[in-house]
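Quick notes on the structure that follows.
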Protein chains: 2
Amino acid sequence: MAKKVKTRDRILKTALALFNEEGEARVSTVEIAGVLEISPGNLYYHFKGKEAIIEALFDDFEEEIRQVLSAPIKSALSIEDNWIYIYIVFEEINDFRFFYHNLAGIMERCPELRARFARLMRLKEETASSILASLEREGVITLSRPERDALATRFAAHLTFWLQFAALSGETRDSRRLINNGVYSAMMMIAPYVSGDRTAFAALLSDYFSSQH
Amino acid sequence: MAKKVKTRDRILKTALALFNEEGEARVSTVEIAGVLEISPGNLYYHFKGKEAIIEALFDDFEEEIRQVLSAPIKSALSIEDNWIYIYIVFEEINDFRFFYHNLAGIMERCPELRARFARLMRLKEETASSILASLEREGVITLSRPERDALATRFAAHLTFWLQFAALSGETRDSRRLINNGVYSAMMMIAPYVSGDRTAFAALLSDYFSSQH
DNA sequence: GTCTATAAATGGATAGAC
DNA sequence: GTCTATCCATTTATAGAC
């Protein structure tokens, strides 16, 4: 039975779209209600205020990103498999980009999110680290422990900030393009540690990258 | 003759401090005036509004960072020299961190800054690239052209976002610590490309890093 | 659950006196 | 250059009817 979508969910969906487009700071509760053609009062019936909406959106984001970040540990041992995985993480972040566009500001307004977000970044780092470890066990790459730690940290930072960096660099606003470049950059981080035939790996990367344009 | 500091400059200085502490979005013109113990009207005599203040602060920042980024091309050919240079860039960014904490938001409100900021990031990248090139000419490192390009981009992104990443990771809020870790991370990016005795370089890095704690 | 109406607070901005 | 006073717009938030 195709039931009508709950107002609460419509609010979240619309708020997310507006936040991503115009930036969270420039979107008021009245505007959200206006777009939805419901009254501000109605909106306040469902959410105490903008912070509550943001927190609910973060719940969604956290759940999805956790799923993604827990997935690949078991499988995905070749490098080729892993870049699809990176691609998915970027897409997830892109769907909630308003959040990343004003991290500090949002953390000030919603202090409970601070610790949770920090935990997510740690999870990114741990996942990266364990993927690197399994790639090493397979003999695909070679790196020392400090190298692996540093690389994992770098990966976490890259996943977190690449989209913003690329958007601000300003060549394009096309998110598929930005994401592809981000995956390429991530792969280039691993390149110097690849064991054996680096030329082959570089060729592979170059192939992948140029096929995207 | 020790002249009284101009009100215009006091406004800029106080605004900068408040922006960095509380975040630009949470500081109103009235608050700035309040802290300075001048009237809002007076503040508006000197600046049309908050945007004007932000833009003036960006002028200062741009000037200083350009100086820093133009300095090292000539000298600084050893890796050891370069990390002091990275340190300085981080300190400069840290002094104007409010800006980096809400890049997207500020770009929306002050569209003229968008292109200027993009140019600064390109400058970071070019500087990194030419430093890498000269290190290579000296035989200190070895890398292919695509590797150099990717590494330079990564450096620009690292300089731009590391402080935010580290602050959000949340172990510490001490900016000296954050900066030191950022320099270490930057150095670890170069490590795999160092020619000859990598062990010596790793030891050097480890030395530097542990002496900071 | 949803609406109307409106209160309460805040922030941006200006006019005119000193 | 600086102040006082004031106005306008926006936003958050609530009370009470339907």
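Labels below follow one simple rule: chain letters A, B, ... track the order of the sequence lines, proteins then strands, and each chain is numbered from 1. What you see is a predicted model, and the numbers here were worked out from it, not measured in a lab.
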Short side-chain to backbone donor-acceptor contact, N180(A) and R176(A), under 3.5 Å:
yes

Are E24(A) and K50(A) close enough for a salt bridge, meaning some N to O gap below 4.0 Å?
yes

State, to 0.1 Å, how close R8(B) and H46(B) come at their nearest heavy-atom pair, and which atoms those are.
CB-ND1, 4.1 Å

Relative to the ring of F99(B), is the ring of F117(B) parallel (under 30°), tilted (30 to 60°) or perpendicular (over 60°)?
tilted

Near DNA chain C, under 4.0 Å by heavy atom, which residues of residues 96-107 of chain A?
none

Can you label the angle between the F61(A) ring and the F96(A) ring as parallel, tilted or perpendicular, going by 30° and 60°?
tilted

Verify side chain to side chain contact (heavy atoms under 4.5 Å, CB included) between L135(B) and Y193(B), making sure each step is shown before the conclusion.
CA-CA 11 Å; L135(B) 283 173; Y193(B) 303 104; over 6 Å; no

Between F165(A) and F161(B), how do the two ring planes meet: parallel, tilted or perpendicular, split at 30° and 60°?
perpendicular

Would you check if the side chain of N102(A) reaches a backbone N or O of A104(B) as a donor-acceptor pair within less than 3.5 Å?
no

Check step by step if side-chain hydrogen bond (donor to acceptor under 3.5 Å, both in side chains) holds for E147(B) and S144(B).
CA-CA 5 Å; E147(B) 280 175 329; S144(B) 68; 3.2 Å; yes

Please list, by residue number, the residues of residues 51-61 of chain A whose heavy atoms come closer than 4.0 Å to an atom of DNA chain D; answer none if no residue qualifies.
none

Which label fits H158(A) and F155(A): parallel for a plane angle under 30°, tilted from 30 to 60°, or perpendicular past 60°?
perpendicular

Per the under-4.0 Å heavy-atom filter, residues of residues 16-35 of chain B near DNA chain C come out as S28(B), T29(B)

Could you list all the salt bridge (Lys or Arg N to Asp or Glu O under 4.0 Å) pairs where at least one residue sits in residues 9-18 of chain B, not counting sequence neighbours?
none

Will you find, in the side chains of R154(A) and S185(B), an N or O donor that is under 3.5 Å from an N or O acceptor?
no

Residues of residues 40-48 of chain B with a heavy atom under 4.0 Å from any atom of DNA chain D, listed by number, are G41(B), N42(B), Y45(B), H46(B)

Evaluate W162(A) against I86(A) for side chain to side chain contact (heavy atoms under 4.5 Å, CB included), listing each step before the verdict.
CA-CA 12 Å; W162(A) 169 262; I86(A) 295 174; over 6 Å; no

Report the C-alpha distance between I88(A) and E91(A) in whole Å, list the side-chain angles of each, state the deciding distance to 0.1 Å, and finish with yes or no for side chain to side chain contact (heavy atoms under 4.5 Å, CB included).
CA-CA 5 Å; I88(A) 294 171; E91(A) 292 226 301; 5.6 Å; no

What is the first contacted nucleotide of DNA chain D and what is the last, in 5' to 3' order, if contact means an atom lying under 4.0 angstrom from a heavy atom of chain A?
dT11(D) to dT14(D)

Could you walk me through whether L113(B) and I54(B) pass the side chain to side chain contact (heavy atoms under 4.5 Å, CB included) test, one step at a time?
CA-CA 10 Å; L113(B) 296 189; I54(B) 293 172; 4.2 Å; yes

